Participant: 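I'd like to ask some things about the structure below.
Residue numbers begin at 1 in each chain, while the letters A, B, ... track the order of the sequences. What you see is a predicted model; the values in this text were computed from it and never measured. For the numbers below, each heavy atom of this structure counts, side chains included, while hydrogens, waters and symmetry mates do not.
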2 protein chains.
Amino acid sequence: MDSTLVSQVRQFNRTVTERVGALNERFLGRDRPLGQARLLWEIGKEGRDVRRLRSQLGLDSGYVSRLLRSLQAEGLVTVEPQQDDKRVRNVRLTPAGRAERTLLDRSADDLAASLLQPLTDAQRTRLVTAMGDVERLLTAAIVTITPADPEHPDARHCMQQYAAELDRRFEHGFDTAQSNVARPGELRPPAGLLLVARLHSQPVGCGALKFKPDAPTQIKRMWVDESARGLGVGRRLLYELERHAAVHGTRVLHLETNRSLTAAISMYRSAGYTEVEAFNDEPYAHHWFEKHITPTPHEGL
Amino acid sequence: MDSTLVSQVRQFNRTVTERVGALNERFLGRDRPLGQARLLWEIGKEGRDVRRLRSQLGLDSGYVSRLLRSLQAEGLVTVEPQQDDKRVRNVRLTPAGRAERTLLDRSADDLAASLLQPLTDAQRTRLVTAMGDVERLLTAAIVTITPADPEHPDARHCMQQYAAELDRRFEHGFDTAQSNVARPGELRPPAGLLLVARLHSQPVGCGALKFKPDAPTQIKRMWVDESARGLGVGRRLLYELERHAAVHGTRVLHLETNRSLTAAISMYRSAGYTEVEAFNDEPYAHHWFEKHITPTPHEGL
DNA sequence: TCCATTCTCTGACTTTAGTCAGAGAATGGA
DNA sequence: TCCATTCTCTGACTAAAGTCAGAGAATGGA
């Protein structure tokens with residue numbers, strides 16, 4: 001890895017955590033421990049169940065329990081069992097809790113404003129733009145891409161979303177029954193491979209390979225969730241699929257797509273796929289692409 | 001303040017501190033409290049005196065003392081009185097301490113690399129560029145600009161640096177004696193005003209006004225330290241001077257400058273100053289500028 | 001109807017990160 | 001020479017942020 005990049009990232013980490021961290025304490029931690037404040041914030045106006053609070057903040061169950069009790073003692077929250085599963089408990093803000101949360105909200109606004117205040121308009125715009133870029137790319141960096149079984153709940157979620165989106169976007173909708181859609185077994189080794197992209201362990205994208213003896217490997221089910229677009233997830237999925245295909249000995253990749261998926265088409269083009277004659281009779285396809293790759297069997301094993 | 005900007009800054013603070021903070025702990029805080037690690041890092045290869053450590057990390061003297069003793073107990077540092085002032089104590093790393101610091105260094109590199117690793121080359125470059133922007137602008141945001149007495153050590157430092165820089169940059173050097181340089185009294189209210197820009201309480205720039213009865217107010221001693229260029233400090237100094245001048249009732253501002261100071265000249269132009277005939281006989285000047293402003297007496301009082 | 005599992009809570013801890021009020025030594029200037 | 005100041009250290013605290021090992025209630029499937 002380029003050491004200049006690494007040292008610039010380190011410099012950034014130092015400066016930003018120091019600067020923003022210091023402000024965080026000065027503004028938010030004024031009369032309330034940061035832990036309590038974070039919890040109060042995360043409960044939200046609608047309330048939340050304890051389990052979700054815990055996983056979102058990454059805290060010990062005992063610790064959260066204690067924090068909740070201290071908030072309860074101050075009359076800021078109420079805790080009661082969920083209707084349908086009485087093991088789970090729901091936390092809600094009382095009116096006093098909502099008022100306190102609004103105060104925190106104001107403090108966070110003040111903090112942000114204090115960072116912007118000394119800057120000129122032009123500088124403010126540049127700062128916010130750069131912050132957006134950093135955020136987006138840091139988010140992209142924590143997206144993981146791993147093989148998954150087609151029957152795994154995350155995989156099924158992706159497939160459903162995939163079909164639902166095609167149905168929305170195709171001129172005449174999309175019906176799984178009419179398409180040459182792959183059955184789960186075909187996307188499971190050794191017949192194929194399914195990759196799932198996850199962000200904060202939520203599935204946000206997928207892509208699959210279907211290996212064919214003595215024929216090009218097919219790319220299937222490329223999908224990226226609305227919320228994760230613009231992070232380069234599609235490109236990474238494609239790249240990972242190509243890598244796996246190469247290990248499997250693939251020389252040629254095939255994929256077909258619908259003309260309504262313009263962003264995908266231009267991504268395929270820019271990733272080196274060239275349009276070819278129709279190589280199958282998929283009813284929903286308008287474009288057929290192929291790419292030649294270099295097999296690298298057993299690499300990294 | 002534009003609430004879109006504010007909420008974007010908040011979003012950034014949340015995402016980035018969470019993400020970088022989590023990594024910080026996972027990589028750096030593995031087998032050593034973060035406080036110790038920071039101290040170990042800050043001591044540096046050359047050693048440092050305790051006073052400076054304290055001020056750089058912003059910690060209580062008793063706390064630093066205790067941290068140092070725990071590092072000493074592990075054989076990582078030695079502490080001994082300074083030669084010339086035995087109240088001050090110097091801290092140095094032992095070979096074991098240096099080894100430990102190298103380990104920390106490696107961890108910090110790994111952390112940074114782990115952020116970059118999942119990204120494509122293009123994304124890495126964009127991330128690092130955006131990080132640089134954010135850092136620079138956050139640094140700019142904590143520069144303070146306040147009036148100072150011309151005899152204050154920080155003010156004197158600025159004046160000396162100002163003269164030294166002119167001497168370096170002018171073709172034939174710069175001699176205070178030959179210039180119509182203002183004496184301290186002239187830059188002190190009510191005759192004038194001196195502003196000092198500071199970063200982390202170190203002086204990094206200055207600018208002054210000289211009020212003249214029934215004549216344009218003069219801008220003098222505009223200087224920004226090498227280390228703080230590109231942060232918009234000059235522009236902010238100029239803006240603040242104009243604001244003070246307006247409050248004082250000024251209608252026209254005058255300033256003269258040397259042709260070697262090209263960056264300053266273009267800043268004056270872009271800030272609305274127009275070149276005019278020479279209005280004085282300053283021997284080092286090649287360009288004379290003026291700007292009309294609207295007086296705002298007693299504003300904000 | 002069991003029984004393993006899930007979810008939350010409690011009690012008993014620990015570690016980290018400080019703060020505060022001096023004490024004691026050294027220094028610098030009047 | 002004195003005295004205020006500076007610098008570091010020590011003792012005596014505190015608060016925050018967790019960790020860990022259960023206990024007890026509820027649930028869901030065999």
Side-chain angles (χ1 to χ4, degrees), chain A residues 17-18 21-22 24-43 47-74 77-92 104 153, chain B residues 17-18 21-22 24-43 47-74 77-92 104 153:
Chain A
T17 52
E18 182 218 318
N24 255 325
E25 270 157 43
R26 234 187 58 222
F27 281 84
L28 303 180
R30 218 157 6 183
D31 23 40
R32 184 171 297 290
L34 220 70
Q36 275 188 28
R38 286 209 301 156
L39 202 56
L40 206 49
W41 176 261
E42 205 67 45
I43 289 167
R48 271 247 191 330
D49 56 298
V50 175
R51 182 178 37 176
R52 202 163 143 208
L53 278 179
R54 228 180 23 234
S55 80
Q56 272 181 5
L57 294 169
L59 299 175
D60 175 86
S61 71
Y63 185 36
V64 167
S65 185
R66 229 170 289 275
L67 284 176
L68 281 176
R69 210 133 350 90
S70 67
L71 290 176
Q72 210 172 5
E74 289 187 72
V77 302
T78 58
V79 184
E80 52 191 14
Q82 217 171 53
Q83 286 306 322
D84 52 335
D85 183 344
K86 295 200 189 87
R87 292 170 303 179
V88 181
R89 307 194 72 190
N90 275 333
V91 190
R92 300 183 155 281
L104 280 176
Chain B
T17 52
E18 182 218 317
N24 256 326
E25 268 156 44
R26 232 186 62 221
F27 282 84
L28 303 179
R30 216 156 6 181
D31 23 42
R32 182 172 299 290
L34 222 68
Q36 275 188 30
R38 285 210 300 158
L39 201 59
L40 205 50
W41 177 260
E42 205 67 45
I43 289 166
R48 273 251 189 326
D49 56 300
V50 174
R51 182 177 37 174
R52 203 163 142 209
L53 278 179
R54 226 176 31 229
S55 79
Q56 274 181 3
L57 294 169
L59 299 176
D60 176 87
S61 71
Y63 184 37
V64 168
S65 188
R66 229 170 289 276
L67 284 176
L68 282 176
R69 210 134 351 90
S70 67
L71 291 176
Q72 210 172 6
E74 289 188 71
V77 303
T78 59
V79 184
E80 52 192 14
Q82 216 172 55
Q83 285 304 322
D84 51 337
D85 183 345
K86 295 202 189 83
R87 292 170 303 180
V88 181
R89 305 193 74 190
N90 276 331
V91 191
R92 300 181 155 284
L104 281 176

Participant: Go through the structure and list residues passing side chain to side chain donor-acceptor pair (under 3.5 Å) with Ser70(B), not counting sequence neighbours.
Facilitator: Gln36(B)
Participant: State which residues pass salt bridge (charged side-chain N to carboxylate O under 4.0 Å, His left out) with Arg38(B); sequence neighbours excluded, sorted by chain then number.
Facilitator: none
Participant: Quickly work out the Arg54(A) CZ to dT19(D) P distance and round it to whole Å.
Facilitator: 13 Å
Participant: Reading DNA chain C 5' to 3', how would its secondary structure be written in dot-bracket notation, given Watson-Crick and G-U pairs with both distances under 3.5 Å, brackets [ ] for crossing pairs and | for partners on other strands?
Facilitator: ||||||||||||||||||||||||||||||
Participant: Among dT19(C), dT10(C), dC7(D), which nucleotide has an atom closest to any side-chain atom of Ser65(A)?
Facilitator: dT10(C)
Participant: How about CZ on Arg48(A), more than 12 heavy atoms from neighbouring residues, nucleotides or ligands closer than 6.0 Å, or not?
Facilitator: yes
Participant: Would you indicate whether the side-chain heavy atoms of Leu68(B) and Arg89(B) approach each other to under 4.5 Å?
Facilitator: no
Participant: Pro33(B) side chain: which of dT8(D), dT8(C), dA17(C) is closest?
Facilitator: dA17(C)
Participant: In whole angstroms, how far is the C1' atom of dT19(C) from the CG atom of Leu59(B)?
Facilitator: 12 Å
Participant: Side-chain donor-acceptor contacts of residues 53-61 of chain A below 3.5 Å, not counting sequence neighbours, with atom names and distances?
Facilitator:
unit_1	atom_1	unit_2	atom_2	d
Ser55(A)	OG	Arg52(A)	O	3.3
Asp60(A)	OD2	Gly62(A)	N	2.8
Asp60(A)	OD2	Tyr63(A)	N	3.1

Participant: What's the closest nucleotide to the Tyr63(A) side chain, out of dT19(C), dG18(D), dT8(C)?
Facilitator: dG18(D)
Participant: One character per nucleotide, please: for nucleotides 21-30 of chain C, 5' to 3', B when the base has a protein heavy atom closer than 4.0 Å, S when only the sugar-phosphate does, - otherwise.
Facilitator: -----BS---
Participant: Please tell me if Arg51(A) has a side-chain N or O lying less than 4.0 Å from either OP1 or OP2 of dT8(C).
Facilitator: no
Participant: Just how far, in rounded Å, is C1' of dG18(D) from CG of Leu57(A)?
Facilitator: 14 Å
Participant: Nearest-Å distance, CD (Glu80(A)) to C1' (dC7(C))?
Facilitator: 16 Å
Participant: Starting at CD of Gln36(A) and ending at P of dG18(D), how long is that distance when rounded to a whole Å?
Facilitator: 13 Å
Participant: What closest approach, in Å, do Leu39(A) and Val64(A) show between heavy atoms, and which atom pair accounts for it?
Facilitator: CD2-O, 4.4 Å
Participant: Let's see if you get this right: which residues in residues 66-74 of chain A place a heavy atom under 4.0 Å from DNA chain D?
Facilitator: Arg66(A)
Participant: Between atom CG in Leu34(B) and atom C1' in dA17(D), what is the gap in whole Å?
Facilitator: 14 Å
